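Sending over a structure as structure tokens; questions will come in a sec.
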Amino acid sequence: MPRSRAAGVVAAFGTGFGQQGAAPPRPALEALNEALRAAPAYPRMRWTGAAVTVAVARSGDARRDLYAELAQAAADLLGDPAVTRVRGCAGANCRLLFLPAHPNRRWCSPDTCGNRARVARHYRRHRG
């Protein structure tokens, strides 16, 4: 998948892709499907010396495998009903998306973005 297509998939999430019943942009779906087709997943069995383990492997090169793994994660998220609860972080200059554990949560991380917002609010109250 060309870099521009991968960037298009990532950008689609910022447009409400999959949220509140919004229709996903066709180019974004095509890019996801293209990435999934480029490195199909298959079960791979290995002997560890004590037991047989089964893990998912991919048939592409490292770059295609990475795109396919990211596309699979996006497909899993977008196909999950919880996608309607995904939010963008309210932190200044933060572009992260998160699935809030509590309905009032506004930041991707209370320890980083949330703390920055609280410190800024405190500074505004006490400095003028």
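If you're wondering where the values come from, they're calculated on a predicted model, not measured in any experiment. Values below: every heavy atom of this structure, side chains too, minus hydrogens, waters and symmetry copies.
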Is there side-chain contact between Gln72 and Leu36, with heavy atoms separated by less than 4.5 Å?
->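 Yes. Closest side-chain heavy atoms under 4.5 Å.
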Could you tell me whether Arg46 atom CZ has more than 12 heavy atoms of other residues or ligands within 6.0 Å of it?
->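 Open.
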Please confirm whether the backbone N or O of His122 pairs with a side-chain atom of His126, one donor and one acceptor, at under 3.5 Å?
->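 Between the backbone of His122 and the side chain of His126 there is a qualifying donor-acceptor contact (under 3.5 Å).
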If you take all heavy atoms of Leu99 and Val86, which pair is closest and at what distance?
->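 Taking every non-hydrogen atom into account, CD1-N, 4.1 Å.
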Below 4.5 Å, heavy atoms only, C-beta onward: do Leu78 and Leu32 meet side chain to side chain?
->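 In short, these two side chains touch, coming nearer than 4.5 Å.
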From Cys113 atom SG to Leu96 atom CG, the distance as rounded to the nearest 0.5 Å |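 Separation between the atoms: 6.5 Å.
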Spell out, yes or no, whether Val54 and Trp47 are grouped together once hydrophobic residues are joined by side-chain heavy atoms under 4.5 Å, including indirect joins.
->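 Yes, because Val54 and Trp47 connect within a single hydrophobic cluster, where side-chain heavy atoms sit under 4.5 Å apart.
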Please round to the nearest 0.5 Å and tell me the distance separating atom CZ of Arg64 and atom CZ of Arg58.
->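 The CZ atom of Arg64 sits 13.0 Å away from the CZ atom of Arg58.
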Arg105 and Pro110, any side-chain heavy atoms less than 4.5 Å apart |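 Yes, at least one pair of side-chain atoms sits under 4.5 Å.
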Calculate, to the nearest 0.5 Å, the distance between atoms CZ and SG belonging to Arg106 and Cys89 respectively.
->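 The CZ atom of Arg106 sits 9.5 Å away from the SG atom of Cys89.
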Nearest non-hydrogen partners of Cys108 and Cys94, listed with the distance |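 Taking Cys108 first and Cys94 second, the nearest heavy atoms are SG-SG, 3.8 Å.
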Just by distance, do the side chain of Asn33 and the backbone of Leu29 share a donor-acceptor pair under 3.5 Å?
->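 Yes.
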Answer yes or no: does atom CG of Asn93 have more than 12 heavy-atom neighbours from other residues, nucleotides or ligands under 6.0 Å?
->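 Counting neighbours around CG of Asn93, 12 or fewer heavy atoms of other residues, nucleotides or ligands fall under 6.0 Å, so no.
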Just how far is it from atom OG of Ser59 to atom CG of Asp65, taken to the nearest 0.5 Å?
->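 That separation rounds to 7.0 Å.
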Any cation-pi pair here, Arg87 with Trp107, using under 6.0 Å and within 45°?
->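 No, Arg87 does not sit over the ring of Trp107.
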